[in-house]
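Here is how names work: the chains are called A, B, and so on, in the same order as the sequence lines, proteins then strands, and each is numbered from 1.
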Protein chains: 2
Amino acid sequence: MRKDHKQLSDHCQQCITGVMDAQDVLSGKWKIQIISVLYYEGKQRFMDLTRRFEGIAPKVLSKELKDLELNHLVTRTVLETTPVMVEYDLTPEGKSLNAPLEALGAWGISYRKSIMKKNTD
Amino acid sequence: MRKDHKQLSDHCQQCITGVMDAQDVLSGKWKIQIISVLYYEGKQRFMDLTRRFEGIAPKVLSKELKDLELNHLVTRTVLETTPVMVEYDLTPEGKSLNAPLEALGAWGISYRKSIMKKNTD
DNA sequence: CGGTATCCAATGTGATACTG
DNA sequence: CAGTATCACATTGGATACCG
């Protein structure tokens with residue numbers, strides 16, 4: 001008799017939802033790079049990031065940062081200088097992303113190796 | 001004197017690339033769910049998946065599966081029955097995704113809790 | 001059963017110019 | 001400096017019908 005497979009266990013479902021939440025807040029071409037730079041180098045200004053990701057359109061960078069801010073992963077601080085400067089930094093939630101991202105990054109590195117090996121066979 | 005910040009260390013860069021590789025092969029609305037179902041329930045036929053993800057268009061499911069197959073995360077096996085049946089299953093690389101996905105899922109779960117708490121404050 | 005073909009709307013990304 | 005406004009273009013996801 002065939003096992004009934006209509007539904008995954010609650011734990012699995014929760015985990016899948018968690019992954020998709022993460023995928024969601026990390027969607028977009030630049031968010032992971034932004035988070036990484038903030039993590040490894042600390043707070044950055046808008047222009048710092050513009051220069052770092054050479055070629056990124058300001059509109060796009062602006063949107064990525066707004067998304068991250070809305071999702072409570074980065075903070076935006078206006079410094080009352082002239083002209084004004086704005087600093088972006090990670091929240092605790094943003095910093096806590098480092099551990100799972102390292103895990104995923106390690107997978108990606110070994111995945112890439114295994115694919116390259118396939119292609120030389 | 002300010003620290004020179006032009007470049008992240010090689011290890012960081014590699015890790016970021018790894019994360020982005022992963023993000024790349026997991027892009028799309030259904031890939032993570034497909035991988036999860038295959039992981040927790042074993043091989044599935046096209047129609048199984050169509051039913052599981054109620055409402056998914058066959059064109060879309062077909063594309064997701066093709067992407068996964070091209071990236072060596074799933075296998076596609078044609079059974080010579082009449083009419084033909086096709087089974088999809090995870091490759092070892094696909095299975096190896098489970099560990100980092102669990103890590104990311106755990107983050108997502110605690111992230112969701114922390115956001116919900118913020119909203120009730 | 002396991003797809004493809006066609007058409008469509010929404011979204012994402014980018015180039016460029018401009019503003020307070 | 002830190003963005004916004006506008007236009008253009010590619011990609012994504014979906015509805016529906018059809019095919020071998």
Checking B:E54 now: which residues fulfil side-chain contact (heavy atoms from CB on, under 4.5 Å) with it, not counting sequence neighbours? none
Interface residues of residues 72-87 of chain A with DNA chain C (non-hydrogen, below 4.0 angstrom): none
Roughly, in whole Å, what's the span from CG in B:D24 to C1' in D:dT12? 14 Å
Phosphate OP1/OP2 of D:dA2: any A:K66 side-chain N/O under 4.0 Å: no
What are the two closest heavy atoms between A:E80 and A:V84, and how far apart are they? OE1-CG1, 4.4 Å
Both B:S62 and B:R51 contact DNA chain C. Which one's nearest nucleotide lies toward the 5' end? B:R51
Taking the hydrophobic residues Ile, Leu, Val, Met, Phe, Trp and Tyr, and joining any pair whose side-chain heavy atoms are under 4.5 Å apart, which ones share a cluster with A:M85? A:L79
How would you list, by chain and number, every residue that makes a salt bridge (Lys or Arg N to Asp or Glu O under 4.0 Å) with A:K113, sequence neighbours excluded? none
Co-membership, hydrophobic cluster, residues A:L70 and A:I32, 4.5 Å side-chain: no
Do B:M47 and B:V74 belong to the same hydrophobic cluster, where Ile, Leu, Val, Met, Phe, Trp and Tyr are linked whenever their side-chain heavy atoms lie under 4.5 Å apart, directly or via other members? no
Just to confirm, is there a sub-4.0 Å distance from OP1 or OP2 of D:dG3 to any side-chain nitrogen or oxygen of A:Y88? yes
Does a side-chain heavy-atom distance below 4.5 Å link B:Q23 with A:K31? no
Which pairs of donor and acceptor atoms, one on a side chain in residues 8-18 of chain B, lie under 3.5 Å apart (sequence neighbours left out)?
unit_1, atom_1, unit_2, atom_2, d
B:S9, OG, B:C12, N, 3.3
B:T17, OG1, B:Q13, O, 2.9

Quick one: list whatever passes salt bridge (Lys or Arg N to Asp or Glu O under 4.0 Å) with B:K63, sequence neighbours left out. B:D67
Run the salt bridge (Lys or Arg N to Asp or Glu O under 4.0 Å) test against A:E69 and tell me which residues pass, sequence neighbours left out. none
5'-most to 3'-most nt of DNA chain C touching chain A (<4.0 Å, heavy-atom partner on protein side) reads C:dT13 to C:dA15
According to the ring pair (Phe, Tyr, Trp, His ring centres under 6.0 Å) rule, which pairs have a member within residues 53-80 of chain B, sequence neighbours left out? B:W30-B:F53
How bent is the helix from C:dC1-D:dG20 to C:dG20-D:dC1, measuring the angle between the end axes built from five pairs each, rounded to 10°? 50°
Qualifying ring pair (Phe, Tyr, Trp, His ring centres under 6.0 Å) pairs with a residue from residues 74-108 of chain B, counting only residues at least two apart or across chains: B:W107-B:Y111
Please write out the pairs of protein N or O atoms and N or O atoms of nucleotides 13-17 of chain D separated by less than 3.5 Å, giving the distance to one decimal.
unit_1, atom_1, unit_2, atom_2, d
D:dG13, OP1, B:K29, N, 3.0
D:dG14, OP1, B:K29, NZ, 2.3
D:dG14, OP2, B:W30, NE1, 3.2
D:dG14, N7, B:K59, NZ, 3.4
D:dG14, O6, B:K59, NZ, 2.1

Out of curiosity, does A:L26 fall in the hydrophobic cluster containing A:Y40 (side-chain heavy atoms, cut-off under 4.5 Å, transitive links)? yes
